[in-house]
Amino acid sequence: SSAASDVYKRQNVCYHILYLMRTVETHMNSESAHGYRPCIIIPGIGQSRVIETDENGEKIRNLWPFDPDIDALVKSVAPSAARMMLLRRDCGFTAALDRAVRVMLEPLSCTPDSMRKVRAEVVGYYRPVGECTAGEKRYIYKMVPLNALADIIGEENLYFFAYDIFGRADENARLLREFIAMVKEQRQCEKVDLIPVSMGATVAEMYFELYGADQDVKRVIGVVPAYDGSDIAADLVAGDINTDDCDALLEMLLSRREAEKVSKLMHMMPKKVADGAVRALVQAACESVVVNSSAMWGIIPSERYPALRDKYLGDSAHDAMRAVTDRHWRVRRNIKELVRREQERSVEFYNICGCGKRLAPIAASDSLTSDTIVPTYSASMGAQCAPPGRTLSPGRGEPVDFISPRSDINAASAAVPDRTWFYYNMEHEQAAENKNLLDLVAKIASSDEPIDVFTMPEHPQFADYKE
């Protein structure tokens, strides 16, 4: 409405006046001109856009989210597929599929030192959400719907850090450092808050490992954060998967439209051939894309990393990358030490997790409570969790405040027991729809004082998610 437009214009004018006044001040406070610290969203695995460019910087195609040419893939395997369907046995189809998938995924791949093989450019947002175009805002809020937070702190204090999920872990951390410096300069503030979502937590922890001494961060609010990765990733790389539900796997790897197209073909195949095809698809994807990406190794749980590292990164060609992935592994393995170190630098950590669900059915690791993608032990930085439907054995001397009413989670063993919340039966993607969770994030980020599970009775530590 025109009235709303007038209000917005007046607010915008006030903001710019305050901003100009702030820039001439010599003293920089921990809060921005709006009165709140800027919040930087570090998104998850499918939420940053990456394009391939030519030598002139012109876009060639989308690299991520990946838009594979399924029609070309089908055409390349058609001869062997025809023989397979006619004779109802493999007839070289699996080998042909493996070759075709590797060719299709070549633009996403890296060299053994984790360098992109093509010119990859992240589509970045180097200004606050309030200054983004309408299309950019729609995209950002679609990826991470923190509108409620923006309503409180102002869109001029909300930022979206995009990064290359298939690139280098150390480079993503360095770029986050530069982004933080940019935000501090734009907002004329001393510190920022980080909101890592899912895989974004691996970027945040690597940032603290390399650049925590900068002391540029005040609060870290993890939303279904994968601080110790996901056993789904480890199962896929190890080839330890359940092929009974290939649809779930295809939906993880492809767009819904392309997944449905491939799924129809899979269901027409003999069961044994389809099983082999799924395994070939996973192996080709992991070896083509994941193995040479140090960033992707960040989502391998610390307990499972050594065996997979020895299998794939033991040769001299991977020496440089292995030094990075080993360091990141030590961070994940000792995440509580990192938290304690950063707490001594006055950083506050908060985590909001999903629980009560088994991992997606493609994973062989089906005894972990999770949000279907990130195990709860990973999101909570070490809470003790019973398998879904079971309870923990009674312990002695444990703080009862942090044991769930169902006796299946003991948050006392987490890095920040009093600042970790759990939502039962919330799937990973449903975090974006959980109004209570989003309200909790907004209250943490906008609070003048540190808060915990005891100070907000409207947000109990253990709660049921209801759609």
Side-chain angles (χ1 to χ4, degrees), residues 11 29-44 128-130 140-141 143-161 183 187 189-198 200-201 204 217-225 227 339 342-343 346-355 371 376 379-381 383 401-402 404 411 414-424 426 428 430-467:
Q11 290 176 337
N29 294 326
S30 65
E31 296 178 347
S32 74
H34 189 285
Y36 295 104
R37 279 183 305 276
C39 290
I40 299 174
I41 300 167
I42 311 176
V129 171
I140 290 171
Y141 286 136
M143 295 298 101
V144 186
L146 289 175
N147 311 62
L149 174 60
D151 290 341
I152 296 174
I153 70 172
E155 286 188 331
E156 67 273 17
N157 279 317
L158 190 63
Y159 287 78
F160 187 90
F161 172 71
V183 171
R187 303 299 302 132
C189 61
E190 190 175 74
K191 293 180 183 290
V192 303
D193 290 348
L194 301 180
I195 304 179
V197 180
S198 191
V217 176
K218 178 60 178 177
R219 286 178 179 164
V220 186
I221 308 168
V223 178
V224 290
Y227 280 110
V339 169
E342 296 306 317
Q343 285 176 327
S346 300
V347 180
E348 300 169 14
F349 286 86
Y350 303 82
N351 292 313
I352 307 175
C353 323
C355 62
D371 60 15
T376 306
S380 62
M381 292 181 172
D401 290 327
F402 302 120
S404 67
V416 281
D418 58 338
R419 294 177 180 173
T420 303
W421 287 261
F422 303 84
Y423 284 96
Y424 281 93
M426 180 185 74
H428 195 68
Q430 289 174 326
E433 306 166 3
N434 187 339
K435 293 181 179 180
N436 288 332
L437 182 153
L438 299 175
D439 179 68
L440 176 59
V441 171
K443 287 182 176 178
I444 295 172
S446 61
S447 174
D448 292 333
E449 300 295 334
I451 63 176
D452 55 40
V453 298
F454 304 112
T455 58
M456 290 195 303
E458 70 273 25
H459 290 286
Q461 182 165 35
F462 301 96
D464 290 318
Y465 168 69
K466 296 179 181 178
E467 297 185 37

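All values below come from the heavy atoms of this structure, side chains included, with hydrogens, waters and symmetry mates left out.
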Exercise. Show your working on side chain to side chain contact (heavy atoms under 4.5 Å, CB included) between Asp418 and Phe402 and close with a plain yes or no.
Key: CA-CA 8 Å; Asp418 58 338; Phe402 302 120; 4.0 Å; yes
Exercise. Could you check if a side-chain atom of Val220 sits within less than 4.5 angstrom of a side-chain atom of Pro196, using non-hydrogen atoms only?
Key: yes
Quiz prompt | Gap separating the CZ atom of Arg219 from the OG atom of Ser447, nearest 0.5 angstrom | solution = 5.0 Å
Quiz item: Are any of the side-chain heavy atoms of Val339 and Val416 separated by less than 4.5 Å?
Solution: yes
Quiz item: Who are the ring pair (Phe, Tyr, Trp, His ring centres under 6.0 Å) partners of Phe462, not counting sequence neighbours?
Solution: Phe422
Self-check item: pair His428-Ser198: side-chain heavy atoms closer than 4.5 Å
Solution: yes
Exercise. Test side chain to side chain contact (heavy atoms under 4.5 Å, CB included) on Leu149 and Ile195 and set out the steps.
Key: CA-CA 11 Å; Leu149 174 60; Ile195 304 179; 3.5 Å; yes
Self-check item: salt bridge (Lys or Arg N to Asp or Glu O under 4.0 Å) pairs, two or more places apart, involving residues 434-447
Solution: Asp439-Lys443, Lys443-Glu458
Quiz item: Does Arg419 have any side-chain hydrogen bond (donor to acceptor under 3.5 Å, both in side chains) partners at least two apart in sequence or in another chain, and if so, which?
Solution: none
Quiz item: So how far is it from Ile152 CD1 to Tyr36 OH, rounded to the nearest 0.5 Å?
Solution: 6.5 Å
Quiz prompt | Passing option when Tyr350 is tested against Ile451, Val441, Thr420 for side-chain contact (heavy atoms from CB on, under 4.5 Å) | solution = Ile451
Quiz item: Is there side-chain contact between Cys39 and Ile153, with at least one heavy-atom pair below 4.5 Å?
Solution: yes
Self-check item: With sequence neighbours excluded, residues passing ring pair (Phe, Tyr, Trp, His ring centres under 6.0 Å) with Phe160
Solution: Tyr125
Exercise. Check whether any side-chain heavy atom of Tyr423 sits under 4.5 Å from a side-chain heavy atom of Asn436, and report yes or no.
Key: yes
Exercise. Only counting residues at least two apart or in another chain, list the ones meeting ring pair (Phe, Tyr, Trp, His ring centres under 6.0 Å) with Tyr227.
Key: none
Practice problem: With sequence neighbours left out, write down each residue that passes salt bridge (Lys or Arg N to Asp or Glu O under 4.0 Å) with Lys218, or none if nothing qualifies. | Solution: Glu348
